[in-house]
Amino acid sequence: MAFPFLKKNTAQEETGLPEILPKHVAFIMDGNGRWAKKRGMPRKFGHREGAKTFHDITRYCRSIGIQNASFYVFSTENWRRPEEEVDAIMNLLWEYLNDCDEYLEQEVRMIFIGDKSRLPERIRNRMLELEEDSKKYDKMNLILAINYGGRDEITQAARQLAEKAARGEIRPEEITEDTISQHLYTREIPDVDLMIRPSGELRLSNFLIWQCAYAEYYFTDVLWPDFARSELDKALRDFAGRGRRFGGV
Ligand code: IPE
Ligand code: IPE
Ligand code: MG
């Protein structure tokens, strides 16, 4: 039954989206290479097209009121790709980081998760700048995972806690699930409610492994460059029909 005091916003009315939306949606932007290959084009064209999809889906998330949207941009494992492809992705990233005014105008807070230290300096500095310039905004958190790995994230949290223990700042018995969460890159972000992976692969590929402990998963064969707003609508409707029990009955 609909509760009259739960007012939908206009975008929700137009699309007929469910009233209960996930607080945190995560996207594994996969399938760019195959999208390009199908068209006889080099893989980097797929990445360019995928970046357009990212832009569109981010705008859509903002307009329908998703509070936290995470996107897997580049994993700690993606350095294994040919240098030419890694360079093309970094150049594209640089272009995009210089084209974020719209998000700031829309009062979107940008948070970059992952190990920034291995990234080219100009990219790292731009990321820090955008984080600083947008930290006052609260309309939506846009979380971009760049040189991100879930195991890497947990490892650095363990290391920080061990250092604190060695300095006598924390006792081992004081370490709880909460303490660990507070040492992850996502410390200010709630756990993932809905994890979406296009491109037909049925795996997490090291994305937000701690934060997905109770996430709902949505897989589709659509390749990321073809992932339209209507695909997200489908995932959101599917999510609204799931029974989440968190171990209870
Ligand atoms: C995802 O698309 C983008 C990145 C990993 C940077 P892929 O490049 O993995 O595309 P496929 O999986 O080869 O089609
Ligand atoms: C996951 O896609 C990483 C990103 C989308 C950034 P991959 O294409 O790297 O994942 P695998 O290798 O198929 O697991
Ligand atoms: Mg892939």
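Numbering of ligands and ligand atoms starts at 1, following listing order.
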Looking at the Mg ion (ligand 3), is there an N, O or S atom belonging to E201 that lies under 2.8 Å away from it?
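No, outside the cut-off.
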Does the distance from a Lys or Arg side-chain N to an Asp or Glu carboxylate O, for R171 and E174, drop under 4.0 Å?
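Salt bridge: yes.
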Kindly indicate whether a cation-pi arrangement holds for R126 with W94, taking the cut-offs as under 6.0 Å to the six-membered ring centre and within 45° of the axis.
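Because its charged atom misses either the 6.0 Å distance or the 45° angle limit, R126 does not stack over W94.
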W35 six-ring face occupied by R39 cation (under 6.0 Å, within 45°):
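Because its charged atom sits under 6.0 Å from the ring centre and within 45° of the axis, R39 does stack over W35.
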Could you tell me whether a side-chain N or O of [X] sits under 3.5 Å from a main-chain N or O of [Y], the two making a donor and an acceptor?
X    : Y    : value
E231 : A228 : no
T176 : T179 : yes
R124 : S117 : yes

Protein residues near ligand 1, heavy-atom distance below 4.0 Å?
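Shell around ligand 1 (4.0 Å, heavy atoms): M29, D30, G31, N32, G33, R34, R43, H47, V73, N78, R81, E85, I89.
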Compute the minimum heavy-atom distance from R80 to ligand 2 and say whether it is under 4.0 Å.
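The answer is no: ligand 2 sits nowhere under 4.0 Å from a heavy atom of R80.
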Please give the atom name: the N, O or S atom of D30 nearest to the Mg ion (ligand 3).
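Result: OD1.
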Decide if the gap between the ring center of Y218 and the ring center of F239 is smaller than 6.0 angstrom.
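For Y218 and F239, the ring centres are not under 6.0 Å apart.
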Answer with yes or no after comparing the ring centroid distance for H55 and Y103 against a 6.0 Å cut-off, counting only values under it.
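Yes - the distance between ring centres of H55 and Y103 falls below the 6.0 Å cut-off.
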At a 4.0 Å threshold, what atoms of ligand 2 neighbour a non-hydrogen atom of R203?
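Here the atoms of ligand 2 in question are 11 (P), 13 (O), 14 (O).
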